[in-house]
Each structure stands twice: as C-alpha cells, then as structure tokens.
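Notes to accompany the following structure.
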There are 2 protein chains.
Amino acid sequence: MEFKEAKNKFVQTWGALGSQWGINKTMAQIHALLMVSNEAVSMEDIMEELQISRGNASMNLRALMDWGIVYKEYKAGERKEFFTAEKDLDELAVKISRERSKREIKPALKILKEVSTIEAKDSAEEQHFVDQTSKLYDFVLKADNMLDKMTEFNDNWLGKLVMKIMK
Amino acid sequence: MEFKEAKNKFVQTWGALGSQWGINKTMAQIHALLMVSNEAVSMEDIMEELQISRGNASMNLRALMDWGIVYKEYKAGERKEFFTAEKDLDELAVKISRERSKREIKPALKILKEVSTIEAKDSAEEQHFVDQTSKLYDFVLKADNMLDKMTEFNDNWLGKLVMKIMK
DNA sequence: TTAAACTTTCAAAAATAATTGAAAGTTTGT
DNA sequence: ACAAACTTTCAATTATTTTTGAAAGTTTAA
C-alpha cells in the first residue's frame, strides 16, 4: 500500500467510525486528515482533499474547534487561516470525554435524578421504576466520574492511581 | 411529577441519548421501556406505549436481542412472546462494550494496523503519518483492553484492582 | 390439514441529518 | 474609504436513516 492510499483509507475509516458513534462523517474525516498532517492545512486544501463544499468545511471546522480538538493557526504573510488537530492522544481523549460529559451525560443525569425521585406509591410497578432509575442514576454518575478520574491520570494512570490509594 | 409522566420522560430522554451515541432512537426507547418494566412486555404493548408500527418493534427488538441485552420470554398458556431487558447494569455495560468492541473497534484496529505499517520512505509527511497512526493504534488497543479489564472487575473494580496489584 | 394467532420481512414512504452554494459578513492592506 | 481576500451563514437541496404496513412466513392447536 502506498502513502496516498493509506491516508485515504485512514480518513474514510475514521469517518465511518465517527458516524457509528454519532459524529458526523465529514467532521470525523476532517479531524482524521488534520491528525495525520504534519503541518497546518488550509480550508481550500481540506475542501480539495475531501471533495466537500466550503460551507461544509467551515461548519465542521467550527464544530471541531468548539470541541477543542482543532485549532486555528495563522501563517506569517498569509491571509488565509490554517487548521491543526490536537495530536496528543491523551489530551484528545480528555477533551472528548469532557465535552460528551458536559453535553450529554450531565443533562441525562439531571433527568434521571428528576424521574427517580417521584413518590413511588405502593404499586410494584412504580417501586420498580424508582428503584431501577435510581440505580441507573448512580451507575451513570459513577461511570462519568470514573472517566473523569481516568483522564486526570492520563498517561501513567495506573501508577498514579496506586500512589493515590497508598497514601 | 406523577408516574406516567416520569416514565415517559425517562423513555424519551434515553431515546435522545441513544441517538447521540449512534443508536437508533426507537431501539433505545424500547430498551428504556423494558428496563423500567417490572415484568415482561408484549410486542403489542410496546407498540402501543411507544406508538410505533409492528415492523419497527419487531426489527428493533431483534437488534436488541442481537446485542444480548433483551431477552424473549414465554408465558404459560399465552401464545405471544414477551420481552425483558437485562436489568443488571454492570452486566449491561459489559455486553454493550463487548459488542461495540467486536463490531466497531476491532475492525478499526485492523485498518489502523494496515495503514500504520506502510513503508514511510523519507518525506517528513509520510514519517508523520506512520508515527501518528501507530500511536493511534497503540492507544485504541490500550483503551479497548482497559475497558475489557474494567468490565471484568465489574462491581467492586477498584477494590479488586488494588488486590491484584498488591499480591 | 386447516386456520387462527402470531412474527418477520422488505419495498416504499416519511423523517431526519448532512451538504451545497451563493449572498452576506469580516478582515486587511493600500 | 475601498476593494480584494477571505470566512460564515442559512435556505434549499440531496443523501441517509428510520419507519411503515401489508404480504409472506411461522407456529400451535384442534
């Protein structure tokens, strides 16, 4: 396999994977492209490489910047803007989980808390509802916190975790 | 808030959350409904509660069973089938991560390995590509394994982890 | 074997999400 | 202040995904 083919395969695969996880395909593709580019890429070049419109490129770059995983860069003497991706994978993971937590998990937790705190009356049906949603609330909260802790430990998470437990 | 309202809110929220994570809304809603039902529910009742067609119910129930998180149940004397969800949340998490790993992560890893092992020639561009995709391969592999380990430890993962480290 | 009571399948329709492209907006240099 | 060189916005279009519903399939009981 030659470079161009490999690069294309990677970008396509990343795009497909993104779709399956609820991330728009183009957004994932742009991100993939920037991840494997050793220097910042202009909007023109992104449009050209991925065969997408200016509007599409603009909107998805904005979204990626909102997620905090793509940055604008300015080159001296050049009028146009260039873009780079966060290339440190630990940092990338931290940012993605922070954002997903903020945007999706936290709001879901709020609802879970609400619905799990209705008065259950006496019926087994309502008892079970309260019980199950309470458990779900605890579980999601725990998972969310765990993810947060894990990203905090980053690279050497296991070692640091042990240290923290020891002391 | 009364029971019916709470139940509906929960089902809707779970459906919306599912969409954002690449799971079809109805599938997530059916799952939510079964999760908080204290007894097995018939297809009729699912259709009625969620206001969906028979075909839709059938296909999404099949998908949920393929994921291993919903089971068929037969009631004595009744001709029709009833459905229940896996209600143990740890078990649910294990099954979901196993399936997503098998369906999405493993195939992605295969491609990552492929593209990261091209010969990099001399150009900085190609060097960077190989370097970055290799790192990504390692990272995804590590994350996938970690998730597997974590689910293995289940409930009291922290405690058991410490035990394992100690001995 | 027949028919009633179910479930599954899948082509067509509907709903949703992504994309385009041109007009409007912004920034920079002269 | 002007205009060139860009970027952003958003209504309309296109693509993708989901849903429907009726026909086909299956199972059970008599």
Side-chain angles (χ1 to χ4, degrees), chain A residues 11-34 40-67 70-84 100 103-104, chain B residues 11-34 40-67 70-84 100 103-104:
Chain A
V11 169
Q12 295 307 321
T13 304
W14 214 238
L17 198 65
S19 300
Q20 290 182 297
W21 285 80
I23 287 144
N24 138 359
K25 188 183 69 172
T26 303
M27 187 168 153
Q29 287 182 340
I30 294 177
H31 182 245
L33 185 63
L34 296 179
V41 183
S42 71
M43 206 153 95
E44 288 297 335
D45 289 346
I46 291 171
M47 288 164 58
E48 166 65 23
E49 283 223 51
L50 302 179
Q51 290 293 301
I52 57 172
S53 71
R54 189 172 293 286
N56 197 2
S58 174
M59 291 176 102
N60 283 114
L61 281 165
R62 147 86 32 236
L64 285 163
M65 290 189 296
D66 289 348
W67 275 71
V70 160
Y71 316 112
K72 253 185 199 165
E73 238 174 51
Y74 299 95
K75 286 195 187 174
E78 293 255 31
R79 186 90 158 242
K80 65 181 158 206
E81 301 169 336
F82 293 80
F83 301 88
T84 3
R100 288 215 112 157
R103 295 176 198 217
E104 296 148 18
Chain B
V11 170
Q12 296 307 320
T13 304
W14 213 238
L17 198 64
S19 301
Q20 290 181 298
W21 285 80
I23 288 145
N24 135 2
K25 189 183 67 171
T26 303
M27 186 169 154
Q29 286 182 341
I30 295 178
H31 182 244
L33 185 63
L34 296 179
V41 183
S42 71
M43 205 153 95
E44 286 298 334
D45 289 348
I46 292 171
M47 288 164 60
E48 166 65 22
E49 282 225 51
L50 302 180
Q51 288 293 301
I52 57 172
S53 71
R54 189 172 294 286
N56 197 3
S58 175
M59 291 177 101
N60 283 114
L61 280 166
R62 147 89 28 240
L64 284 164
M65 290 189 296
D66 289 347
W67 276 71
V70 161
Y71 316 112
K72 253 187 199 164
E73 238 174 50
Y74 299 95
K75 287 195 188 174
E78 291 255 29
R79 189 89 157 245
K80 66 183 156 204
E81 301 169 336
F82 293 81
F83 302 88
T84 1
R100 288 214 112 157
R103 295 174 197 218
E104 296 148 18

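In this text, all values refer to a predicted model and were calculated from it rather than measured experimentally.
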Can you tell me the distance, in whole Å, between the [atom1] atom of [X] and the [atom2] atom of [N]?
X	N	atom1	atom2	value
Leu61(A)	dA18(C)	CG	P	16 Å
Arg79(A)	dG29(C)	CZ	C1'	7 Å
Ile23(A)	dA17(C)	CD1	P	15 Å
Asn56(A)	dT19(C)	CG	P	5 Å
Asn60(A)	dA17(C)	CG	C1'	12 Å
Met59(B)	dA11(C)	CE	P	11 Å
Met43(A)	dT19(C)	CE	P	15 Å
Asn24(A)	dT16(C)	CG	C1'	13 Å

Original post:
Taking only residues at least two apart or on different chains, which pairs with a member in residues 52-65 of chain A satisfy salt bridge (Lys or Arg N to Asp or Glu O under 4.0 Å)?
Top reply: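 Residue pairs passing salt bridge (Lys or Arg N to Asp or Glu O under 4.0 Å), neighbours aside: Glu44(A)-Arg54(A), Arg62(A)-Asp66(A).
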Original post:
Pairs in or reaching into residues 13-24 of chain A: which pass salt bridge (Lys or Arg N to Asp or Glu O under 4.0 Å), with residues at least two apart or in two chains?
Top reply: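 Matches after skipping sequence neighbours: none remain.
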**OP:** Select base, sugar-phosphate, or nothing to describe what Arg54(A) touches, counting heavy atoms under 4.0 Å on all strands.
**Re:**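 Counting heavy atoms under 4.0 Å across all strands, the contact made by Arg54(A) includes a base.
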**OP:** Nearest-nucleotide wise, let me know which of Lys80(A) and Gly55(A) is further upstream toward the 5' end of DNA chain D.
**Re:**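 Checking each residue's closest nucleotide, the 5'-ward one belongs to Lys80(A).
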Original post:
Taking only residues two or more places apart in sequence, or in another chain, which ones meet Glu81(A) in a salt bridge (Lys or Arg N to Asp or Glu O under 4.0 Å)?
Top reply: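 Salt bridge (Lys or Arg N to Asp or Glu O under 4.0 Å) check on Glu81(A) returns Lys72(A).
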**OP:** Taking salt bridge (Lys or Arg N to Asp or Glu O under 4.0 Å) as the test, write out the residues that go with Glu73(A), two or more places apart.
**Re:**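 Result, salt bridge (Lys or Arg N to Asp or Glu O under 4.0 Å) vs Glu73(A): none returned.
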Subject >> Span of DNA chain D in contact with chain B (heavy atoms, under 4.0 Å) >> reply: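 It runs dT18(D) to dT28(D).
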**OP:** State, with a plain yes or no, whether a side-chain heavy atom of Asn60(A) is found less than 4.5 Å away from one of Ile52(A).
**Re:**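 No; the side chains remain at least 4.5 Å from each other.
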Considering all heavy atoms, the nearest [X]-[Y] contact:
X	Y	result
Val70(B)	His31(B)	CG2-CD2, 4.3 Å
Lys80(A)	Ser42(A)	CD-CB, 4.0 Å
Asn24(B)	Thr26(B)	OD1-N, 2.8 Å
Gln29(A)	Val11(A)	CG-O, 3.6 Å

Subject >> Residues touching DNA chain D, which here means a heavy atom under 4.0 Å, drawn from residues 11-22 of chain A >> reply: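 None, since no heavy atom is under 4.0 Å.
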